[in-house]
Every structure is written in C-alpha cells, then in structure tokens.
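The structure appears below as structure tokens.
Letters A, B, ... are given to chains in the order of the sequence lines, protein chains preceding strands, and every chain is numbered from 1. The figures that follow rest on heavy atoms only: side chains count, while hydrogens, waters and symmetry mates do not.
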Amino acid sequence: MSSPHVLTPGSSVSRIMLTVLAALVPAIAAYVYFFGPAILISLTLASITALAAEAAVLRLRDYPVKHFLFDGSALLTAWLLALSIPPLAPWWLIVVGTAFAVIVAKHLYGGLGNNLFNPAMAGFAVLMISFPSFMTHWPAPLALAQHTVGFGDALRYYFSGGLPGARLDAVTMATPLDTLKTQLSLQHTMDEVKRMPIFGSFGGKGTETVAAMYLLGGLFLLRKRIITWHTPVSFLVALIAVSAFFNSIDASRYATPLFHLFTGGALLGAFFIATDYVTAPVTPRGKLIFGTGVGVLEYLIRVFGGYPDGIAFSVLIMNAAVPLIDAYTQPRVYGHNTGKTP
Amino acid sequence: MLHKFHGGVHPPEHKAESNSLPIGAAPLPRRLVVPLRQHIGAPARPVVEVGDRVLKGQMIGAADGFVSAAVHAPTSGIVSAVDLHAVPHPSGLPDLCITIDADGEERWIERQPLDYLAADRDAVRARLRDFGVVGLGGAVFPTSIKLDPGALRIGTLVLNGAECEPWITSDDRLMRERAAEIVEGVKIMAHLVQPERVLIGIEDNKPEAVTAMRAACSGTNFEVVAVPAQYPGGGEKQLIQVLTGKEVPSGGRPANIGVLCANAGTAYTVHRAVNHGEPVISRIVTVTGNVEKPQNFEVLIGTPLSEMVQLAGGAKAGTSHYIVGGPMMGFDLNNLAVPVAKAVNCVIAASPALFPPKPAAVPCIRCGQCAEVCPASLQPMELFWFSQSRNFDKARAYNLFDCIECGCCSYVCPSHIPLVSYYRFAKSEIAAQEREKKAAEQAKARFEFKQLREEREKAEKAARFAEKAAAAKAAAGEGDDPAAAAKKAAIQAAVERAKAKKAEAAAQAGQCDVTPIAAVETPAESLSPCPLPPTGEGDLESLRDGSLNTTEPP
Amino acid sequence: MLSAILVMILLGVVLGAILGYASIKFKVEGNPMVKKVGAVLPQTQCGQCGYAGCGPYAEAVARGEAAPNLCVPGGDAVAKNLADLLGVEFQPVGGGEGAGPKPRQVAFIDENNCIGCTACIKACPVDAIVGASKLMHTVLPDRCTGCELCVPACPVDCISMVPLEESIANWKWRYPVIEIKKAA
C-alpha cells in the first residue's frame with residue numbers, strides 16, 4: 001500500500017454518523033417534552049427494523065455484517081424517518097417504511113455510498129403515498145390534548161390499535177401547516193387561523209421548540225465540520241425569500257417566513273436531510289443550487305401542492321438532479337483558466 | 001503579502017525528535033552502491049568497468065540524453081560490480097548500480113572551483129550537469145535544465161526551505177548550520193537566471209532556520225519569508241502560490257509564470273559543485289522514528305540504509321518496517337539493503353505505535369472532506385470513482401494529472417480509502433496506454449514503410465529481369481539454340497507475371513502483396529486468406545533466392 | 001386542409017434542403033471507420049486474425065466482414081473497444097472466457113545458432129531485426145511488437161519469444177486491493 005502512511009486519528013464513517021445522531025438528541029428530548037413519549041417507541045421500532053434489514057441484506061450480499069452494521073448509517077436513516085412521520089401509528093407503518101428505506105432505497109441501489117435517493121425520504125414517500133390516512137394523525141401538544149397518552153398507552157396503541165378511554169381523534173390533530181392550509185381554503189383569514197390554539201408564538205405550539213432544537217443540532221454539526229454551511233444556508237435563504245415574496249403580496253393568505261421556518265420539516269430538512277452526503281452534491285456551488293432548489297420546492301409543495309409538507313418530495317426531486325449538478329459545478333482546478341497557457 | 005493555497009492539512013509534525021542534534025558525520029562504509037538512475041529522465045550511462053580504480057568524486061556514470069544527470073564515485077576504491085541491485089524505489093525492483101569497494105583512502109579527484117561570474121553561463125550549467133546536481137526536494141529534476149529557462153523571463157527565484165512533510169528535518173538542519181553556503185548557491189542560481197527578486201520560503205515552525213538564513217542573507221537583496229506551516233506548503237506549486245499568488249498553469253512549469261523554484265539542499269550542492277568543484281556524492285538524511293537516537297547525518301550516496309539506521313543507534317523493538325521519505329508521500333521499504341540515493345531525504349523506522357495499521361476501508365460516502373483539503377482543488381472522490389472503475393478517460397477529464405499525490409485526501413478520508421494509491425494506479429495505467437499507443441503508431445509507420453520499400457524493390461527487380469530478357473533475346477537472335485529459346489520463353493512468362501502482379505499491386509493500395517514472402521516461410525495452415533493476386537511460384541522463389549543470397553539493401 | 005398540406009410540403013422541402021446541404025458540407029472522404037479501428041488495434045502486424053496485418057483487418061472490420069474479436073495480441077480489451085466502436089455485442093477473443101492480452105513478449109535470437117540467412121529480417125513486418133547476410137542478426141526489443149512471425153521463418157529455430165521483464169522503467173502501480181467484502 002502506498003502513501004500516505006498516516007490517517008487523521010479517530011476519523012471514521014461511524015464517528016460521523018454517531019455525531020449526527022447525537023445532534024438529533026436535543027430535538028428528540030423536546031419532542032418527548034411537548035408531545036409525549038410515543039416518539040421513543042417509533043424510534044426504537046425503526047432502529048430495530050433498520051438494523052435487522054441491514055444485517056439481512058448484508059448477509060445476502062455476502063458482505064461482512066459486523067464491519068458494516070454498526071457504521072451508524074442505517075440507524076441514522078431509521079431516526080430521520082421516525083422523526084418525519086407521526087409517532088402515533090400502527091407498528092407496521094414504521095416497520096414498512098424503514099424496511100423500504102434500507103432494503104430498496106439503500107441496498108438495491110448498491111448500499112452505503114451508492115444510493116441516488118435519500119433512503120429516509122424514499123421511505124417517507126412510500127408511506128405518504130400508500131397509507132396517507134395514517135400520516136396525518138399527529139399527536140396534539142400535551143397542553144392541548146384532552147387525554148394524556150402515556151408510555152403504556154402509546155405502546156398499547158402501537159400493537160393493538162386501540163387507546164383505552166379515548167379515541168385517536170382526541171389525542172391527535174393535524175399539524176399547524178396542515179391546519180393552516182385547510183383553514184385558508186375554507187376562506188378564513190390568516191389572523192383568524194393564527195388565533196387557533198395549535199399555533200405558538202411564531203410556529204406551531206411545541207413544534208417550534210422542536211424545530212429550534214433541530215437548528216441547535218445543525219449548528220453543532222456545522223461547528224464539528226460534519227456539514228458545510230452551503231446547503232442549510234441556501235435552503236433556508238430560498239425558503240425565506242420565497243415565503244417573504246408571497247407574504248408581501250398577500251399577508252392574509254401567505255404565512256410569514258418565520259412561520260415557514262419553524263413549522264414542518266424545514267429545519268430538520270435543512271440541517272439533517274438535505275445535507276446527506278451520499279445523495280447531495282459535493283461541490284460547493286452544487287450544494288448552493290441543491291439547497292436553493294429544495295427550499296423553493298419545499299415552499300411550493302407546502303403551499304400550493306397536495307401534501308401538508310414538501311420536504312420529502314422536494315429532496316427526492318433534487319436528488320435526481322444531483323449527478324447533473326455535480327457535473328456542471330466542478331470547481332476550478334489549480335493551474336486551470338489562469339489566463340496563462342503552458 | 002502572503003497568499004493562501006486551497007485546502008491542506010496539519011498532520012502531527014514530529015520534527016522535534018530529530019532537529020535538536022546537529023548534523024552527524026557518518027563513518028565511511030566498506031562498500032557503496034551507486035544507482036545510475038537517481039534523477040528524472042534517462043539513467044546515467046556507466047563509464048567505468050569492473051576492476052577500475054576510481055577516485056572520490058570521479059564520474060562513474062555520464063549523463064545520457066538531454067534530461068539526465070551524471071553520477072560520481074562517493075569515495076575512492078575499486079569498482080566491484082556493475083549490475084542490478086536493490087534500490088530505494090516503491091516497486092522494490094532492482095536497477096542498474098555501480099558497486100564500489102572503498103579503499104579507505106578517500107583520495108579526491110582534482111577539485112577545481114569555477115569562477116561563475118567570469119565563466120559563460122552555459123559553462124556553469126554544463127558543470128552542474130556534469131557534477132550531478134539535481135533537485136533534492138524530491139523530484140530530482142536535473143538542475144542544469146531547470147536553470148535554463150530559455151526565452152522565458154524569470155521574475156522571481158524561489159528557494160524552497162518549507163519542508164512541510166512531518167518527521168523530516170534535513171533541510172531544517174542544513175539551513176541552520178550551513179546557511180552561508182546555501183546563500184552562495186542561491187547567488188549562483190540567481191546569476192544564471194537573473195531574477196528581479198529572490199524569495200526564500202521557510203515554514204514558520206522552523207524559527208531557528210529562518211533566523212540563520214536571514215543572517216546569511218544580510219548584504220544581499222534576498223528576502224527570507226516565514227510561511228504558515230501547513231502541509232503541503234512545501235509543494236512547489238503551493239509555495240509559489242503562497243509567495244506570489246500566482247498559479248503554475250496546468251501541464252506547464254513555474255517558468256511559464258516567470259518563477260523558478262529550487263530546494264535549499266539543491267542550492268547547497270550548487271555551491272559545492274561550482275565553488276569547490278565537488279560533485280553531488282553526499283546528502284543530509286534524517287534518520288528518525290522508532291530508532292534510539294533520531295538525528296540527521298551527512299552520508300555518502302550509496303551508503304546502505306541499514307548502516308544509517310545503526311548510526312541512529314539502531315531500531316528499537318517493535319519496528320515493523322521502514323519508510324523512505326516522509327509519512328505523507330514516502331514509500332514502504334522492507335529491505336534495508338538499498339543504498340541512499342540523491343532523492344532520499346529521510347528514513348523512518350515505523351512501528352505499529354507510531355504508524356497504526358490502517359483500518360479496513362468502507363465505501364466512499366461522498367462526504368467531500370477530500371475536496372476540502374485538496375491543494376489542487378480537485379474532486380478526489382470523483383477521481384477515485386473513475387480510477388476504481390478503470391474509467392481512465394473520465395479520470396483524465398476530471399484532471400487526474402493535476403494531482404500532486406500529496407496524500408491530503410487519503411489523510412482525511414473517514415472511509416479510510418487509499419485514494420492516492422488509486423490515482424497512482426490510474427496515472428501509470430494511462431501512461432502505459434500512451435506508450436503502447438505511441439509504439440503501435442510507430443510499428444504501423446515502419447510496417448507501411450517496409451511495404452513501400454518491398455514494392456519498390458520488386459519493381460526494380462522486374463525491371464532488371466526485363467532488361468536481362470531483352471539482352472537474352474538479342475543473343476538468341478544470333479544463335480539458334482532450342483534450350484535458349486525455352487529459357488527465353490520462361491523468362492518472358494515470368495516478366496509478364498511480374499508485370500501483371502505489379503499492376504494489381506498498385507491497384508490494391510499495396511496492403512496484401514508482401515504477405516506471400518512471409519507466408520512462404522510460415523506453415524501452410526497459417527496461410528492468410530487475404531485475397532491475393534495470383535502469383536507465379538517462380539517469382540516468389542526467385543525473389544526469395546535473391547534475398548537469401550544478397551545482402552539486405554540499405 | 002390545404003394549408004396543412006402546404007405546411008407539410010414546405011417543411012419537407014426546407015428540412016430536405018438542410019439535410020442535403022449538410023451532406024455536402026460535412027462530407028467525409030474515405031471510410032473514417034478504418035482509421036478508428038486501426039487506432040484501436042495494437043499494430044503488431046502479426047496476422048493472427050487471419051488478415052495480412054492490422055491494416056487489412058481494420059478494413060475488413062470496418063466493412064463488417066470480420067468479427068471484432070479476432071485480435072489475439074490485443075485480447076479482450078481490444079475486442080471490447082472494437083465492439084463498442086461498432087456498436088455490436090462484445091464477444092471474448094477466441095470464444096473462451098477471459099482471454100486477456102497476452103503478456104508482452106519480444107523475439108530473442110540465439111546468436112550462437114544464427115546462420116545469418118536474413119529469413120527473419122524478411123519476415124519481420126516492422127523492421128525490428130537488423131543484421132546482414134551471413135552475419136548474425138539481432139532483435140531491437142524497442143521495436144519488436146511480439147508478432148512471432150519471425151519464429152517459424154527461422155530455418156534453424158534459433159528465435160524464441162521471451163516475456164518482457166518488469167523493470168523500474170516500465171513498472172506500473174498496482175490496483176489497490178481492498179477487498180471490502182473480506183474486510184473486518
């Protein structure tokens with residue numbers, strides 16, 4: 001083996017993945033605080049499914065299972081998917097989504113490093129298209145719920161489908177984004193809608209804090225130099241710019257940039273999903289184009305599309321363009337186009 | 001004002017181990033093995049034979065071709081072998097070397113200084129070439145060619161004292177201890193290329209060297225610049241970029257942007273060659289790593305590395321292998337019997353503790369860290385992708401050949417992929433393909449020329465037959481010999497056939513018509529089915545006989 | 001109805017004119033394929049394809065008369081390139097699996113046995129053998145393409161093919177072997 005004979009101490013793929021997982025922990029804590037412990041069950045289910053699916057496929061592909069299983073990439077996919085779908089759902093929903101993400105979206109495309117589409121988002125898209133009714137029952141913030149769903153209740157719901165002493169409707173509601181869209185379509189004005197209890201001071205009640213925690217985790221990743229600023233900044237700038245534009249046209253129909261920033265998957269997407277190494281561009285200019293594209297699409301799908309949030313579809317659409325973006329945004333190489341000819 | 005280069009890394013420096021002690025002297029080895037290929041370009045041509053007695057500094061290998069350099073006897077003694085010997089090379093293959101058994105007398109050749117200010121500049125360059133002066137920074141390019149920029153105007157002469165590779169301290173010690181001589185060498189180089197300014201770049205982790213060089217430069221207009229320590233800041237292109245802000249054009253030389261860059265160690269040998277008449281027969285080598293007493297030594301070219309490791313007190317327990325050069329760009333060595341060559345600046349005894357075995361690689365996740373640190377602003381992950389899949393055209397299109405193999409990408413790769421190994425593989429495959437392509441073109445040209453020549457010969461032969469036939473006819477007209485008449489008829493027939501064949505051959509664009517000559521020699525089953533014009537057996541036989549009995553026409 | 005017909009006719013005329021102009025303007029002399037095929041072939045002139053050298057074989061391949069997998073010295077690499085060039089399915093050389101290019105060989109004349117007959121000089125397609133009648137001959141290894149045509153030509157069997165030794169001058173970096181599947 002030729003040079004170099006030294007490597008950066010401690011640098012490894014699993015370390016990167018574990019750092020990203022760690023950056024998600026504050027948001028999960030906030031999630032539990034505002035919406036109850038159900039998310040912990042879906043995270044666990046997703047993790048177990050992801051590891052089992054990964055191990056099975058690695059074995060089928062004749063890869064060393066031990067070497068790859070704990071690189072953390074399957075776990076990260078599982079967590080991102082679990083955080084993107086409603087935490088109160090039948091057990092098989094998260095299992096199907098995670099298994100699809102790992103087996104089809106990741107391994108059928110060649111496994112770690114070779115998949116074209118973000119596995120978590122591909123899993124999300126499959127669930128969204130196949131089981132839309134389960135994807136809209138989000139738990140209500142604990143402060144608003146008529147009935148508190150404890151850990152045991154949630155567990156029971158996962159596996160039996162029933163909640164003792166309450167109907168599912170009583171503990172879930174549509175997300176702020178969904179509510180806004182529905183209410184606006186019913187000819188309510190922005191001010192009327194915003195006075196509904198689900199809305200918080202600038203985003204949704206509870207969700208705004210969770211989103212802030214994603215922002216915190218994202219800043220941690222930036223500081224650790226796991227991600228670069230290009231994707232999140234261009235994503236958020238694009239989202240702010242487009243929402244500000246529409247907001248300035250008709251503030252009674254289009255929400256403020258701040259609202260869009262702190263609802264739905266915007267911050268999770270900006271720092272954790274659109275920055276996925278494998279499925280995003282690698283060139284700095286490519287990242288800017290990619291982030292801008294995801295940000296604009298996110299807004300358009302969210303506001304004008306048929307789905308309550310657009311992060312999954314906007315990321316998947318832009319994923320398809322990544323090879324092209326990379327090819328056309330190659331940076332200038334040392335000694336090229338310097339105006340001098342050799 | 002200093003500029004920046006893109007990327008770069010900060011590997012642990014490990015310079016303190018070996019830079020505290022002064023340069024040590026080495027005892028004369030009993031036997032010295034001098035490789036003939038110690039520079040870029042054609043290897044030197046041996047000019048001594050086994051049994052010859054040589055003096056210290058005597059030329060034993062002469063520069064062969066334009067890009068080449070001479071090699072010299074490092075001590076006086078007897079040539080005991082001119083043969084293949086293990087050399088310090090990543091391939092581990094042997095190469096042609098001259099072995100000298102030292103007689104211990106150290107008798108020098110006559111050493112004559114050259115007054116470079118009075119001499120013709122070409123004479124100074126000729127001296128550098130004949131005295132084996134090559135770039136000691138690693139590329140070992142003949143200095144005489146480098147200092148001959150031709151029509152290009154050199155505005156800046158850069159002396160490279162950066163020494164960015166970890167562990168190596170040979171230039172550091174040389175600059176601390178022999179700054180005045182280095183500056184003398186720089187003066188000679190400056191005299192040859194007449195630059196407007198001379199910049200001496202030294203990384204700021206060598207404050208003593210900076211001080212020593214500043215002191216030595218007082219009274220000159222040379223400027224010593226402390227540059228930020230960052231690997232690969234001592235790379236020629238990177239140092240030029242830091243000092244001048246200019247980039248060497250891709251595929252070009254620094255001279256294209258009016259810059260010339262030479263290593264500090266090279267300047268020292270320039271001074272020794274010109275002002276003292278001493279060829280390059282020794283150099284400073286760092287012996288460090290897992291050895292008892294890491295230190296720099298001035299050793300003769302040809303000294304076995306094993307003796308150098310002994311000089312440093314021997315390898316400590318746990319030494320697994322040795323590295324020649326630095327840890328970022330050097331190569332592994334399993335055999336310490338190889339000699340020191342001009343390019344060898346450092347020997348590191350490696351142990352698992354100092355150089356942990358690399359973890360197994362996992363697939364590339366396109367994290368982009370390699371692109372962030374690449375000093376050439378390449379996209380290493382794409383180059384890896386194309387090199388791995390042997391997609392060489394694409395690798396070239398992504399500027400594989402702008403890679404300087406500094407190793408930054410591999411150093412940071414979280415997937416532990418030996419990226420540089422892939423680039424080296426792809427580069428040498430492409431180079432081999434180019435060689436083969438060129439060889440094929442030349443083979444084709446020679447083949448076509450041979451066909452042309454054979455056709456011409458055939459035509460000439462036919463013409464001669466015709467002449468002879470005419471003469472025979474005239475003779476036959478006088479005597480009425482039936483045998484002669486029969487012969488005449490046969491010749492006539494042969495001429496007819498030759499003519500017909502010639503005509504057909506001309507129409508055939510002359511591709512197939514030479515084959516019969518070869519085909520006659522080949523077994524029948526391998527006869528080519530190429531549509532051949534009908535040929536008389538007699539023609540072939542006569543042609544063949546003719547060629548067998550006459551010497552080949554030039 | 002009428003206007004539609006007129007539009008179609010006009011369109012046909014205009015496009016036809018453009019095509020006609022292009023065929024004159026961008027006319028290619030000769031068969032460019034022969035050159036392209038020739039560039040892929042190793043130019044050993046060995047005739048192992050059954051044609052009298054690389055030139056005739058290139059012409060035959062370009063005309064579609066010869067299969068692109070007949071070049072023995074080029075091996076599968078050349079066969080693959082030719083198949084790509086012609087847009088046909090790749091077939092391994094010699095029908096067998098993995099017929100890689102033969103290791104590079106050069107002819108070597110045992111000078112003790114050479115009788116100086118010049119037969120090999122005549123046989124060599126690339127003038128890589130030097131020597132004079134009744135004097136011994138020698139092969140210029142740099143020029144030898146390893147075609148083996150001189151081997152049967154020698155009446156005293158003094159020519160042998162020797163594999164080209166790897167040296168520092170022609171050494172290549174190896175493909176880094178990292179067996180991910182066997183790792184860990």
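Of the residues considered (B/Cys374, B/Gly368, B/Pro90, B/Gly330), B/Gly330 shows the highest number of contacts with chain A, using heavy-atom pairs under 4.5 Å. Interface check for chain A: of the options B/Gly407, B/Cys367, B/Ala350, B/Gly325, the most heavy-atom pairs under 4.5 Å are formed by B/Cys367. Of the listed residues (B/Glu382, B/His6, B/Glu405, B/Lys237), the greatest number of heavy-atom pairs within a distance under 4.5 Å of chain A belongs to B/Lys237. The choice from B/Val420, B/Ile323, B/Ile348 that makes the most heavy-atom pairs within less than 4.5 Å of chain A is B/Ile323.
Residue contact with chain A, scored on non-hydrogen atoms closer than 4.5 Å, is absent for B/Phe5. Only the side chain of A/Thr228 comes within less than 4.5 Å of a heavy atom in chain B; its backbone stays farther off. Proximity to chain A (any heavy atom under 4.5 Å) is restricted, for B/Cys413, to the backbone atoms N, CA, C and O. Neither the backbone nor the side chain of B/Ala371 comes within less than 4.5 Å of any heavy atom of chain A. When heavy atoms are compared at a cutoff of 4.5 Å, A/Arg332 approaches chain B by way of both its backbone and its side chain. With a 4.5 Å cut-off on non-hydrogen atoms, B/Pro375 touches chain A through its backbone but not through its side chain. In this structure, no portion of A/Asp71 lies under 4.5 Å from any heavy atom of chain B. Proximity to chain B is absent for every atom of A/Asp276, based on heavy atoms less than 4.5 angstrom apart. The part of A/Ile16 that comes within reach of chain B is its side chain, from C-beta onward, which places non-hydrogen atoms under 4.5 angstrom from that chain. Of the atoms belonging to B/Trp167, not a single heavy atom falls under 4.5 Å from chain A.
B/Pro414 and A/Ser11 get closest at one heavy-atom pair: CA-OG, 3.4 Å. Residue B/His416 comes nearest to A/Leu7 through the heavy atom pair ND1-CD1, 3.7 Å, listed as atom of the first residue, atom of the second, then distance. For A/Val13 against B/Ser415, the heavy-atom pair with the smallest separation is CG2-OG, 3.3 Å. Nearest approach of B/Glu247 to A/His336, heavy atoms of both residues: OE1-N, 4.3 Å. When all heavy atoms are compared, the tightest approach of A/Val6 to B/Met328 is CG2-SD, 3.7 Å.
Taking a 6.0 Å sphere around OH of A/Tyr109, one finds it holds 12 or fewer heavy atoms contributed by other residues, nucleotides or ligands. Counting non-hydrogen atoms of other residues, nucleotides and ligands closer than 6.0 Å to CZ of B/Arg153 gives a total above 12. Taking a 6.0 Å sphere around CZ of B/Phe401, one finds it holds more than 12 heavy atoms contributed by other residues, nucleotides or ligands.
The aromatic rings of B/His321 and A/His5 sit tilted relative to each other, their planes meeting at an angle between 30° and 60°.
A/Ser3 contributes no side-chain N or O that, together with a main-chain N or O of B/Phe331, makes up a donor-acceptor pair within less than 3.5 Å. In this structure a side-chain-to-backbone donor-acceptor pair under 3.5 Å is present from A/Tyr334 to B/Val248.
Interatomic distance, CG of A/Leu112 versus CZ of B/Arg366, reported as 12.5 Å (0.5 Å rounding).
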